[in-house]
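Predicted model, so just to flag it, every value in this text is computed and none were measured. Throughout, protein chains are lettered first and strands after them, A, B, ... in sequence-line order, and every chain is numbered starting at 1.
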Number of protein chains: 2
Amino acid sequence: MTVGIRHDDLRRRNRGMVIAAVRRDGQPSRTEIAATTALSHSTISAIAADLIAEGVLAESRPAEVAALKRGRPQVAVGLNPEAATIVAAVLSLNSLSASLIDYSGVTMREERRKLATLDLSREALIAETIAVVRAVVAGRDTRRQPLLRIVLAIQGITDFAARTMLWSPITPHGDIAFSDILQAEFGIPVTVENDCNMIAVALRWRNPERYARDFIAVLLSHGIGMGMVLRGELFTGTQSSGGEFGHMIHRPDGALCRCGRRGCIEAYAGNYAIWRNAHGIREDSVVADDISDGDIQALADAARAGDVAAREAFRIAGEAIGFGLGSLFALIDPAPVAIVGHGALAFDLIEGPMRGAIARTAGGQHSGAISFDTVPDEMPLIREGCTMRALTFVDQEIFASGGVGRAGVALPPSLA
Amino acid sequence: MTVGIRHDDLRRRNRGMVIAAVRRDGQPSRTEIAATTALSHSTISAIAADLIAEGVLAESRPAEVAALKRGRPQVAVGLNPEAATIVAAVLSLNSLSASLIDYSGVTMREERRKLATLDLSREALIAETIAVVRAVVAGRDTRRQPLLRIVLAIQGITDFAARTMLWSPITPHGDIAFSDILQAEFGIPVTVENDCNMIAVALRWRNPERYARDFIAVLLSHGIGMGMVLRGELFTGTQSSGGEFGHMIHRPDGALCRCGRRGCIEAYAGNYAIWRNAHGIREDSVVADDISDGDIQALADAARAGDVAAREAFRIAGEAIGFGLGSLFALIDPAPVAIVGHGALAFDLIEGPMRGAIARTAGGQHSGAISFDTVPDEMPLIREGCTMRALTFVDQEIFASGGVGRAGVALPPSLA
DNA sequence: AGGCTTTTTTTCGAGCCTCGAAATAATTAA
DNA sequence: TTAATTATTTCGAGGCTCGAAAAAAAGCCT
């Protein structure tokens with residue numbers, strides 16, 4: 001069943017730990033790495049020497065602000081930007097973008113395109129995706145900075161192996177094996193990730209203090225998404241990307257949801273639901289798919305100006321989210337929550353009813369203590385999450401194994 | 001942050017792996033252990049020799065049915081029953097029991113007591129618990145079979161460290177630090193675990209095929225409990241024993257729950273709720289705490305005989321559980337479910353409405369494929385779960401480290 | 001300026017651990 | 001009785017981490 005630890009695993013893991021420490025801390029000295037990993041100085045010295053010889057890390061003696069301390073100054077090691085490149089691509093409603101990122105995490109080039117995703121054929125959507133990646137990787141020096149990984153974030157559901165987009169609201173076509181398609185095209189490993197999961201990943205890199213072992217990111221947009229980190233690990237479903245918070249049931253057999261079922265949280269708190277309620281449209285009618293962020297912004301302004309119907313629509317949305325979080329908290333205990341996406345701009349209208357609902361649930365015993373953070377613009381987070389996802393893959397799955405490559409030469413992707 | 005792997009960890013982990021393989025497989029040969037752990041024969045040989053010398057394992061050459069194969073016969077190794085003992089104790093409504101178990105998992109002695117837990121003072125409850133453990137460990141040969149671990153299962157909520165019973169329906173007293181109390185009394189490590197979590201642990205040992213990486217155990221009794229295994233690990237809350245499925249919200253601001261809040265699943269599917277609905281009592285009235293399993297049995301019989309109100313009460317219960325599972329499945333994807341406890345005897349009345357509700361949720365896309373199992377008597381499961389919890393602790397936290405003890409002498413508990 | 005102190009990093013030998021190959025052990029088949 | 005077969009142990013090689021000592025690279029002090 002569970003597999004024993006072999007002798008060579010040990011080195012691999014400790015190399016991975018060193019790389020992770022450098023990526024986290026930026027420019028740590030060997031001594032600092034030894035402290036954070038609890039490995040001995042000798043071991044760190046040996047591993048660091050190997051990694052530098054392989055071109056993964058590089059010494060950077062920028063003297064810094066120059067520590068005015070007594071003894072031999074620490075010499076900082078950092079990630080060698082030229083060790084690799086990765087592509088972080090994001091496919092969302094009517095928009096497709098890709099970024100080429102170097103190994104240290106710096107964006108080298110970026111491509112963004114508007115396209116009518118809902119109207120595109122399956123083939124056209126795939127072709128556009130390939131094209132935008134091709135555009136961003138074109139013309140770089142393939143010898144010195146090999147492309148080692150592509151991560152594509154999508155709105156919607158992926159399979160557990162992160163290889164196939166099972167379903168997405170941005171296109172009528174499902175079961176698109178982006179992973180295999182891009183892999184065939186570019187010859188390197190590719191994963192397809194849920195956008196909310198990438199948001200969670202990014203939040204942790206941005207603010208590891210607040211978003212540490214357990215937290216939740218809720219994306220309020222046309223639909224409702226969620227990314228969760230529990231026990232320090234991204235929590236996904238057992239067979240899919242999971243975390244379909246928006247489709248937990250708020251009111252059994254209640255309002256009609258975009259997914260065709262009834263009573264989902266999204267059917268009360270998604271943009272279209274808020275619009276439907278604010279305009280007094282029946283709960284069981286289908287609403288056009290093109291309620292824009294601007295429409296919601298206008299509704300929020302109306303609500304703030306005293307429009308009763310609009311105010312009530314946001315109240316209903318807040319309550320739905322609150323009861324949903326309360327049910328979730330009953331299972332996993334309360335955790336910090338980030339409200340991400342355009343909906344965060346109406347958080348002032350939502351927060352009260354939401355906290356009120358949470359307080360009426362089992363998870364709400366300390367509802368006053370649950371802290372919410374808002375990040376209105378989700379796209380940078382999604383890009384960052386993809387970037388870190390791809391880079392840590394390279395760190396752990398390629399460079400941690402190391403060994404085979406000559407000095408300065410990255411491993412062929414086939415080893416990944 | 002994350003800590004590097006040292007050289008000695010390696011041995012400890014591989015020893016743990018060998019012990020685990022023996023506990024799982026019963027009487028494997030060294031060759032079989034090598035196969036399941038993917039370690040080399042030499043390594044297994046060395047580790048097995050150590051463990052046998054330490055008295056943890058023992059060769060058992062019972063010839064068995066004697067394999068009629070050609071070469072040298074395999075020699076089976078098994079757990080040495082005399083390596084240790086543990087106590088598995090269960091505190092539930094009006095009942096307290098403790099079992100003394102040897103290292104191979106065989107029950108040596110058992111004590112069961114009836115007591116009116118709701119009426120006992122905090123001190124009396126603690127005293128009774130200590131007494132029942134003392135009774136069961138009394139008079140054994142402490143030299144040869146050291147007592148290394150006590151696990152106490154309770155109905156209710158514990159803290160994350162499994163040291164304190166935070167709240168329980170069986171007593172008005174909360175925040176009882178059973179762990180510290182028993183530890184002070186018996187001088188060995190003690191944990192306090194939620195009963196439903198122990199049920200989940202036990203199910204996995206009983207049927208590892210069906211209850212493998214991901215599954216759910218729902219306890220239907222006076223209240224509604226849940227134990228969940230995700231990714232092969234018991235899933236608990238981040239700060240408590242978690243999994244308070246019964247207090248997810250079924251209908252916002254709905255029926256009055258025993259917890260004082262409104263609309264919890266339990267307020268529709270707990271014994272008291274079924275009784276309340278069957279008797280046409282208002283949803284917001286408090287029901288006596290002493291609805292017995294017999295009362296529910298009688299209601300179930302009435303429902304089967306055509307009593308409309310009773311039938312409707314079970315329908316409501318099934319629907320509440322179904323929507324709850326559906327919401328849960330939206331987050332984690334469907335998984336096998338075991339319905340445990342007396343309520344399983346009315347599963348025929350519950351199943352239809354429950355499946356109907358699940359089918360109307362996002363998790364229900366394949367609701368027909370979700371399989372349910374029923375186990376009416378939960379007590380044996382809880383005992384088994386505690387037992388395995390305690391034994392695997394001894395396996396991994398005490399014997400896997402090994403080393404210090406002389407041959408045949410178990411380690412002192414202080415090392416735990 | 002030159003020696004001294006302090007701190008960081010590298011070097012070196014010791015001690016474990018796992019592995020593969022070879023040796024040994026315990027049976028059955030012929 | 002011998003050969004064949006399978007299981008287990010033994011043995012030497014190769015890796016890895018560790019602690020201690022050495023080397024390196026400063027600042028401090030007279």
Counting only side-chain heavy atoms from C-beta out, which of [options] sits nearest to [X]?
{"X": "A/V75", "options": "C/dT9, C/dT18, D/dC16", "answer": "C/dT9"}
{"X": "B/N14", "options": "C/dA26, C/dT18, C/dT9", "answer": "C/dT18"}
{"X": "A/L10", "options": "C/dA26, D/dT9, D/dC16", "answer": "D/dC16"}
{"X": "B/S29", "options": "C/dT10, D/dT8, C/dC17", "answer": "D/dT8"}

Whole angstrom is fine here: how far is it from [atom1] in [X] over to [atom2] in [N]?
{"X": "A/I33", "N": "C/dT8", "atom1": "CD1", "atom2": "C1'", "answer": "13 Å"}
{"X": "A/H41", "N": "D/dC18", "atom1": "NE2", "atom2": "P", "answer": "11 Å"}
{"X": "B/Q74", "N": "D/dT9", "atom1": "CD", "atom2": "P", "answer": "12 Å"}
{"X": "A/E59", "N": "D/dA25", "atom1": "CD", "atom2": "P", "answer": "11 Å"}
{"X": "A/R70", "N": "D/dA26", "atom1": "CZ", "atom2": "P", "answer": "15 Å"}
{"X": "A/D9", "N": "C/dC17", "atom1": "CG", "atom2": "P", "answer": "16 Å"}

(request) Could you tell me whether the side chain of A/R72 has a donor or acceptor atom within less than 3.5 Å of a complementary atom in the base of D/dA26? (result) no

(message) Is there, by distance only and without an angle test, a donor paired with an acceptor across the side chain of B/S42 and the base of C/dG20 below 3.5 Å?
(response) yes

(message) Applying the salt bridge (Lys or Arg N to Asp or Glu O under 4.0 Å) criterion to B/R389, which one of B/E384, B/E397, B/E193 satisfies it?
(response) B/E193

(request) Could you tell me the separation between the OG1 atom of B/T392 and the CZ atom of B/R24, rounded to the nearest 0.5 Å? (result) 12.0 Å

(message) For B/I47 and A/I44, find the nucleotide of DNA chain C closest to each by heavy atoms; which residue's nucleotide sits nearer the 5' end?
(response) A/I44

(message) With a 4.5 Å cut-off on side-chain heavy atoms, are B/T37 and B/N14 touching?
(response) no

(message) Salt bridge check, A/R30 against A/E59: does any charged N sit closer than 4.0 Å to a carboxylate O?
(response) yes

Distance test, side-chain N/O of [X] to OP1/OP2 of [N], below 4.0 Å:
{"X": "A/R30", "N": "C/dT10", "value": "yes"}
{"X": "A/R11", "N": "D/dT17", "value": "yes"}
{"X": "B/S40", "N": "C/dT18", "value": "no"}
{"X": "A/T31", "N": "C/dT9", "value": "yes"}

(message) Here's a test of your reading of the structure: between A/L39 and A/G71, which maps to the more 5' nucleotide of DNA chain D?
(response) A/L39

(request) Check for a donor-acceptor pair, side chain of A/R15 on one end and backbone N or O of A/I47 on the other, with a separation under 3.5 Å. (result) no

